Amino acid sequence: MSSLLEVRNLKKYFFLGKGAGKEQNGVVRAVDGISFTVKKCETLGLVGESGCGKSSAGRVILRLLTATAGEILYEGQNIEQLSHRELLPYRRKMQIIFQDQSGSLNPHLTIGNALGEPLRVHRLIYRKEELKAKVEHLLELVGLSPDQMCRYPHELSGGQRQRVALARALALNPQLIVCDEPVSALDVSIQAQIINLLKELQQKCGLTYIFIAHDLRVVKHISDRIAVMYLGKIVELSSKESLYARAKHPYTQALLASIPRLTPSVRRQPLIFSGEPPNPLNPPAGCHFHTRCPYAFARCAWEEPLLQAVDFDHSAACHLLDR
Amino acid sequence: MVNTLPDILLELKNLRTKFKTFDGEVRAADGIDLTVHKKEVLGILGESGCGKSVTALSIMRLIPSPPGEVHADKMELNGVELQSLTEKQMSKVRGNEISMIFQESFSALNPTFTIGEQLIDVLMLHQRLDRGAAFHKAIEALSLVQIPAAAKRLSDYPHQLSGGMRQRVMLAMACACTPSLLLADEPTTALDVTIQAQILELLRWLQSEKKIAIMLITHDLALMAEIAQRVAVLYAGVVVENASVQNLFTKPLHPYTQGLLASLPLLEAECERLKVIPGGVPNMLSLPDGCRFHPRCPHCWQICRQEEPPLFPQNGSEVRCWLFAREMK
Amino acid sequence: MANRFLRRFATLLLSLLVISLLSFTLIELSPGGAMARYVENPKMSEADRARIAERFGLDKPAPVRYFIWLRNTLQGDLGISFMTGRPVLTEILERLPATLKLMTVSFFISIIVAIPIGIYSATHRHSLADNLASACSFLGLSLPSFWFGLLLIYLFSIWLGWLPAGGMITPWFDPAAYPLLIRPFVIFWEHTRYLLMPAIVLSLSNISSWSRYMRSSLLDVISQNYIRTARANGVPERKVVYKYALRNALTPLVTLMGLDLPVFFAGAVVTEQIFAWPGMGRLFISAAGNRDYQVLMGITMITAVLVLLGNLLADLLYSILNPRVTYEG
Amino acid sequence: MKSGLLNDFMRAFQKNRQATFAAAILLGIIFFAIFAPVFATHNPTYIRLAQEQIQLPPTALHLLGTDNLGRDIWSRMLFGARISLLVGFLTMLITIIFGVAYGAVSGYYGGKLDFMMMRFVDISLSLPTIFLVIILASFFKPDFFGIAVIIGLTSWMRTARLVRGQFLSLKEEEFVTAARALGYSDCRIIFVHILPNVRALIIVNATLLVAQAVLLESALSFLGFGVQPPQFSWGSMLSASQQIIFLEEAPWTAFFPGLAIFITVLCLNFFGEGLRDAWDPKLKNIAS
């Protein structure tokens, strides 16, 4: 498997306040120098708590937000620097689906129009019948019946809307889809349907996913490799098996320990941190996690740990690894 | 049956809550029976729109009317019929004997008052304390929910606190007068996993140490396994299964419960495809005839399409499914 | 906070500069420009016009004149009125108190009437009184103020003869003519009977829009989650409305009042004209009729200053009412 | 407007009886204005200065009486309606076109541009519109079209602000992000994806703008700065009544034109309110 996307030292800072003297109002380092590669046809899970920058990362990669620094290499081409026009071919190859299925579809467009529009705008299909056939094909692909075409988004259920959003993303035959919490707003019984659909499509269309989520069960089910983020940085990056079996970073361990189990008889003794995630405007020095870490020692407070390999396809950023 | 036990705290019989909307009448709760015992955690499990929040708000008598309308054959708290109380008497019950916390911790606290003001207000109201005493009691209440530096936090506004902290403040307000029943409506859904675990721990502690019975409303199966003793599963406005948590997770009876459990990805095992309940949650405006679940049910037979099943007792559980009628005969 | 208001003040000065430039350009661009008053006068020769232009410094190029005007204005000299030959500032300052008197009284009438109506309507939604209030506010918003004024004059001055049709005070009114004991009442009535009709006319649109706004704003707040929390904690309904909801509902109203200030001034112009109220608005109308550009510029600037100061005040009040104001502005 | 949404809308609108009634009256007024020559009994500008011709109370010959120059008020009201309504409508068009364009650009692009553009709006808003209008009208002496332009150019700010606010929040919606991810141009996103979502709001705002414009024009004409003779509108018909003596002698000269303005504006407001309720009850607070 060769790499499809490579991200090098990507940064996205948000400056608060407006007008002059922006910096004094504070900087949120939403994405603070992350690097990873995504191989063809794999699923990279991006997990972390709210505000850790996982969503921003997804959007920066698609250039929906402008990066503050860093490189985004798509099949070796740095798309960070491309102009609007030069970017167009890449827009076709990379798509996104969102958490909020009701907000991600234009309420004033019928399903048919929403799906046909990208094809027309990119001048892939001109003829009306052909367009209709293609839209029908797309609907079938995501498990909807073609007579949904004249419906409006508000006439569909949440699960159906998410299917439409997926169909729209697929319209341009992309290679990479960023899935930004695609199932977390759905009912439990619908979640499984969408997850299955995503997996099915991946095989059928040879898709690569960046799967952003906070639900560790779902991520485990769908991902091949997983990156754990904390306050804008990747703290652990590993293959799924290795991560769930041998998490190295205390934060990852905490996350895994916090997942409620499905077995009522076993009352687990969860690893609970007293603290809360720090204010992203003013993250702690050194290792961002040291204020909540039960194993923190002096070095953690002043020196930032770097991501280092601990195993085959498994790296973590923690000073404990040096001990 | 369980109802005969002496330690019944809340008894709810045939709760029907309707909303008149532009498109017609929505029966959000359509004959719900529930019993909460003293000091227990009862889980109410259901997907969006199944009527679980509506049930809690109906008990609190907080359903806005119009458009809402609440009827129940029985709604007794400690033997007192809540429906017969005047609005004034009811507001004494709220916060004092039953209280409620909500999912949206950000919008659920008044943005223009400090949390101290809000907390002290509740204390002065229910415990007839003077300001000074209420102030000390407020600090106590905040320390109770493990908020560090409680005295300092009193002068904070809600927007200065994090989500987890706000949820703790809500808990402090709800439990300041040590109610006998706490209705917790998705209290951890909007929170991060690590914070979620903290709040769960706190709820468990309130139940075991403060002897507060908790009715936990959630869509999260795993949460039930963590904390509940008994679980009522709601589907489209009715209770479809009533079971102890052990029974629910080891031998789920209703096809819907079985489907839900099967559709969750497991941490412990790998599988390529998840099992799926086909179709979607029914539209509350046009419910299917017969059993509400029958269009999605793998075991559907003739009678399911025609007649709505009652709750059948089965091995100490109750289940609303015709499959168990056969076994009874 | 202090920093924020310093910034606001700087913007205020900048705004004034832009406004002066804008209105200067407007007049400059219009046919005849500052000399419009004399251009159409057939009795004047070209030489006469040139002499006048020289006397008022109108022969210099426009940018130069603007800077001269700006320099003079900063020194408190707004120029000489073409109509009367007196300093513009003196003319305006003579008229300003009358306008401020009218507007202040009308402002307080509006608040005292609008807010209670809004609160009552919101708490008694769809009651007869609410529907009536809403219908009245609609009528009030649609009623042309000048026509309403004429109707009042016809009714109370011409037909019934109760109130004077115009003016601010009887020219020969002498309080000393009345016994000391009733003198304050006589003085009060003397002012009131002249003020009554203009103040009512000027208040009409404010009352209509503010009461509606208050109603919807309060309804909006009452439907918020934090009000539900307050109810769930057993806060009685009266307290919910008057303590928890009202403050949040008033905040946007304050902003609206600030924004409405220019409209309020516009209303004053019309009202003063109908009731021959010797204020700034009336001066403005006659200056416009005579195309007395110095006076027009002067009044525009003074009004702008007042409006901007009013906005600043509204802003201050807003940040007192709403603790969530941060540095954005 | 597609059929599904249109049906919903019509259903909601018809439920609102006041708004339907208001719409009917408005149509009636427009009808009378269009066919003014048919219904007029006299030449509206013909002056009769004989003592027995001026300030006649309503009679069978002069349905609504005559004014201080002996002109027939009924006929003048019919023709005056044309100017009043036309000015209202033109003003609305100008305001909407300018305001929507300004607001859309400001809201969509945001950032520094938005900051500058909104500062300008703030500044313009802090001057009473009537001041600018009177200054312009007194120097330019415009006809009715000029009045419409002047009022339009001084009252677009609120519309701009309204539209900008909507754009600002709509552009954060995920369907807009999705549109950008699909590589659509800004122009397409603004017009095809965002604008239709603001359409209801704009139409409601437009209705209320007509009402405001009719009011402002009549106030202006009443003060003598509006349309100039020989043109006349409802507002200028009231102008003479500023003198108490005319009001005292012939109150009907002031009463009927004022009533016409009042009813027109009232109906426009009810109509706008009805539209708003029918479309979306959530818009209640923001469309005015």
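In what follows, every chain begins at residue 1, and chains take the letters A, B, ... in the order their sequences are listed. This structure is a prediction, so every number in the text was calculated from the model and none was measured. These numbers come from the heavy atoms of this one structure, side chains and all, not from hydrogens, waters or symmetry mates.
With a 4.5 Å cut-off on non-hydrogen atoms, C:Leu150 touches chain D through its backbone and its side chain both. Only the side chain of C:Phe284 comes within contact range of chain D, with at least one heavy atom under 4.5 Å from a heavy atom of that chain. Within the 4.5 angstrom heavy-atom criterion, no atom of C:Ser209 approaches chain D. The contact between C:Ile299 and chain D is made by backbone and side chain atoms together, counting heavy-atom distances below 4.5 Å. Heavy-atom distances place the side chain of C:Thr303, and not its backbone, under 4.5 Å from chain D. At a 4.5 Å heavy-atom cutoff, the contact between D:Phe262 and chain C is made by backbone and side-chain atoms alike.
The contact list for residues 131-144 of chain C toward chain D, using heavy atoms and a distance under 4.5 Å, reads C:Phe138, C:Leu139, C:Leu141, C:Ser142, C:Leu143, C:Pro144 by residue number.
Centroid-to-centroid, the aromatic rings of D:Phe255 and C:Trp147 come within less than 6.0 Å.
In this structure, C:Val18 and D:Arg119 have side chains that are not in contact, with every pair of non-hydrogen atoms separated by 4.5 Å or more. Inter-residue side-chain proximity for D:Leu127 and C:Met301 is flagged as unmet; no heavy-atom pair is nearer than 4.5 Å.
Separating the CG atom in D:Leu223 from the CZ atom in C:Phe146 is a distance of 8.0 Å, to the nearest 0.5 Å. Taking OG1 of D:Thr154 as the start and CG of C:Leu26 as the end, the distance is 10.0 Å to the nearest 0.5 Å. Note that the CZ atom of D:Phe222 and the OG atom of C:Ser145 stand 8.0 Å from one another [nearest 0.5 Å]. To the nearest 0.5 Å, atom CD1 of residue D:Ile123 and atom CG of residue C:Leu22 are 8.5 Å apart.
The two residues D:Pro128 and C:Phe265 have their closest heavy-atom pair at CG-CB, 3.7 Å. The minimum heavy-atom distance between D:Ser138 and C:Ala288, with the atom names listed, is CB-O, 3.3 Å. Closest approach of C:Ile19 and D:Ser126 over heavy atoms only: CD1-OG, 3.6 Å. Between D:Arg158 and C:Asp260, the closest heavy-atom pair is NH2-OD1, 4.2 Å.
Between chain C and the options D:Gly235, D:Gly258, D:Ala219, D:Cys267, the largest number of non-hydrogen pairs under 4.5 Å is found for D:Gly258. Per-residue heavy-atom pair counts under 4.5 Å with chain D were compared for C:Leu296, C:Ile285, C:Val307, and the maximum is reached by C:Ile285. Contacts with chain C were tallied for D:Leu259, D:Asp122, D:Ile130, D:Leu268; D:Leu259 has the most, counting heavy-atom pairs under 4.5 Å.
Within a 6.0 Å sphere centred on CZ of D:Phe140, other residues, nucleotides and ligands contribute more than 12 heavy atoms.
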